[in-house]
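Step one of this worksheet: look at the structure below.
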Amino acid sequence: MLKYKINECKNVQAQLSAYFDSEVPTWQRHLIRRHLKQCPDCGCRAKVIEQTDKLLRFVEPVKASDTFLSSVMLRATTIKATQKTHQSIFNRLGCFVESLQMWMRDNIRSYNLVYTFGLIFCVFTMIGVTLYSPRIEKLNPFTQFRSKSSEVQQERLISFEVILQEEPKRSLKIR
Amino acid sequence: MIVSDEELMLECRKGDMSAFELLVRRYQDALVNYIYYIINDYHRAEDLAQETFLRVFKSASRYEPKASFKSWLYTIATNLSKNEIRNRVRRNTYFLEDMVDEGEDVYHSEFMIDTRYQPDILYEKKERQQLIKKALKQLPENQRLALTLVTYQELSYEEISEILNCSIGAVKSLIHRARQNMKKLLIKAGIGGGVNVKI
């Protein structure tokens, strides 16, 4: 009986720190609590742990200085700027694809590469068509004539505008 | 609604600086405090905490929310602090706080300006804090790390096991031994003798 009790005490004492930090399962917690009520020696050891912890918490924590956040953010911004300049086109494209995939995963709930590349192709085609409209003039044999006629029209418009602004009465007479 | 650290980190990965700022705000005090307890130099602790955050920022693009952000952050901080201690030993250099006499606080002298306390009570409190810090410093490195993480950072045993790269059982025994040693050291220093048990 005594041997059994010693073994139980040993087991409880090994678990006391974990018990104090609430890191033991509930069933074990009940057993330890019951044992601590019955065994004065183990109860005393539990008190020692509690007291040590209290003493440790007696030390006032230090805080970061007021300039800490600003200096971290400043350094992070510098790093971000250098990372951007050093990034190659392939890296940037990779990042773009990755972020697009993330966006698609969040919004469209599809994580398929085919969808991603399809979407990228569509977006780039749209951008390309908008910025660099297809030059049909080059393909058409009558482009020179057309361009000339457009130039003449522009000249007429400009002269008309100038006359209107400088001498509106004369322009009216001409008409 | 409180946004989790992992969500903030994902935002940071997309290039959102405000998410990173929020993370720094959340952990700046805790991290400086943690590193300060390990290396015992306030200014160097601030430098290392800054370095930790910058490392997090640099590797944000590679971040995957598999493990908890907190344990990742503390792992980086722990490794940097361990390196610092190793370098200090190699160079055979000492920090200013190690060389100052007991009871003298070089960085927190503004604490003395506070007139709400009686000077003798304040002195006693300060001296006690110094003794506790000194006792903590005497613990073996791994025990000190585990005890600091559980007491001051209030991390779970699982998180500590991730940070220290060991099993939960090892963390349990580390903390248990650390508390036992701490009690012995505190009794030796003349404090914490309220309950005397042969450990």
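No experiment lies behind these values; they were computed from the predicted model shown. Below, each value reflects all heavy atoms present in this structure, side chains not excepted, and no hydrogens, waters or symmetry copies.
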Query raised in the report: Got a donor-acceptor contact below 3.5 angstrom from the B/Glu46 side chain to the A/Phe68 backbone?
Result: no
Requested in this report: Can you establish whether the number of heavy atoms outside A/Arg34 located under 6.0 Å from its atom CZ is more than 12?
Outcome: no
Query raised in the report: Does a donor on one side chain sit under 3.5 Å from an acceptor on the other, for A/Thr52 and B/Arg179?
Result: no
Query raised in the report: What part of A/Gln13 is in contact with chain B, defined as an atom under 4.5 angstrom from a non-hydrogen atom: side chain, backbone, both or neither?
Result: backbone
Query raised in the report: chain A heavy atoms under 4.5 Å from B/Tyr152: which part of the residue, side chain, backbone, both or neither?
Result: side chain
Query raised in the report: If you count heavy-atom pairs under 4.5 Å between each of B/Leu136, B/Val24, B/Val171, B/Thr151 and chain A, which one has the most?
Result: B/Thr151
Query raised in the report: Between B/Phe20 and B/Tyr63, is there a shared hydrophobic cluster once you connect ILVMFWY residues whose side-chain heavy atoms come closer than 4.5 Å?
Result: yes
Query - Step-by-step side chain to side chain contact (heavy atoms under 4.5 Å, CB included) determination, B/His176 to A/Gln15 - result: CA-CA 8 Å; B/His176 187 65; A/Gln15 294 288 329; over 6 Å; no
Query raised in the report: Under a 4.5 Å cut-off applied to non-hydrogen side-chain atoms, are A/Gln51 and B/Lys183 in contact?
Result: yes
Query raised in the report: Between B/Ser173 and chain A, which part of the residue has a heavy atom less than 4.5 Å away: side chain, backbone, both or neither?
Result: neither
**Report entry** Top contributor to chain B interface from A/Ser65, A/Ser22, A/Ser17, A/Ala18 [non-hydrogen pairs under 4.5 Å]
**Finding:** A/Ser17
Query - B/Glu51 and A/Arg75 ion-paired at < 4.0 Å - result: yes
Requested in this report: Select one option (side chain, backbone, both, neither) describing which atoms of B/Ala49 are under 4.5 Å from chain A's heavy atoms.
Outcome: both
Query - Point-to-point distance, once rounded to the nearest 0.5 Å, from CG of B/Asn33 to CD of A/Glu60 - result: 11.0 Å
Query raised in the report: Would you say the side-chain atoms of B/Gln50 pair up with the backbone N or O of A/Val72, donor to acceptor, closer than 3.5 Å?
Result: no
**Report entry** ILVMFWY cluster, A/Ile79 and B/Leu73 together (side-chain gap under 4.5 Å)
**Finding:** yes
**Report entry** B/Gln28-A/Lys63 side chain donor-acceptor pair, cut-off 3.5 Å
**Finding:** no
Report summary line: Between the CE atom in B/Met17 and the NZ atom in A/Lys80, the distance rounded to the nearest 0.5 Å is 5.5 Å
Requested in this report: Would you verify whether the NZ or CZ of B/Arg128 falls within 45 degrees of the ring axis of A/Phe58 while also being under 6.0 Å from that six-membered ring's centre?
Outcome: yes
Query raised in the report: Any idea which of B/Phe57, B/Tyr37, B/Phe53 has the most non-hydrogen atom pairs under 4.5 angstrom with chain A?
Result: B/Phe57
Query raised in the report: Mind checking whether B/Ile76 and B/Ile85 sit in one hydrophobic cluster, side chains of I, L, V, M, F, W, Y counted as touching below 4.5 Å?
Result: yes
**Report entry** Within 6.0 angstrom of B/Gln138 CD, more than 12 heavy atoms from elsewhere
**Finding:** yes
Query raised in the report: Got a second to check how far B/Thr148's OG1 is from A/Leu56's CG, nearest 0.5 Å?
Result: 8.5 Å
Query raised in the report: How far does CD of B/Gln180 sit from CD1 of A/Ile49, to the nearest 0.5 angstrom?
Result: 7.5 Å
**Report entry** In one Ile/Leu/Val/Met/Phe/Trp/Tyr side-chain cluster, 4.5 Å: B/Leu54, B/Ile35
**Finding:** yes
Report task. State the CG-NZ distance between A/Asp21 and B/Lys172, to the nearest 0.5 angstrom. Result -> 10.5 Å
Query raised in the report: Does any heavy atom of chain A fall under 4.5 Å from the side chain of B/Ile168, the backbone, both, or neither of them?
Result: neither
Query raised in the report: If two hydrophobic side chains count as joined below 4.5 Å and joins carry through other members, does B/Leu22 share a cluster with B/Val32?
Result: yes
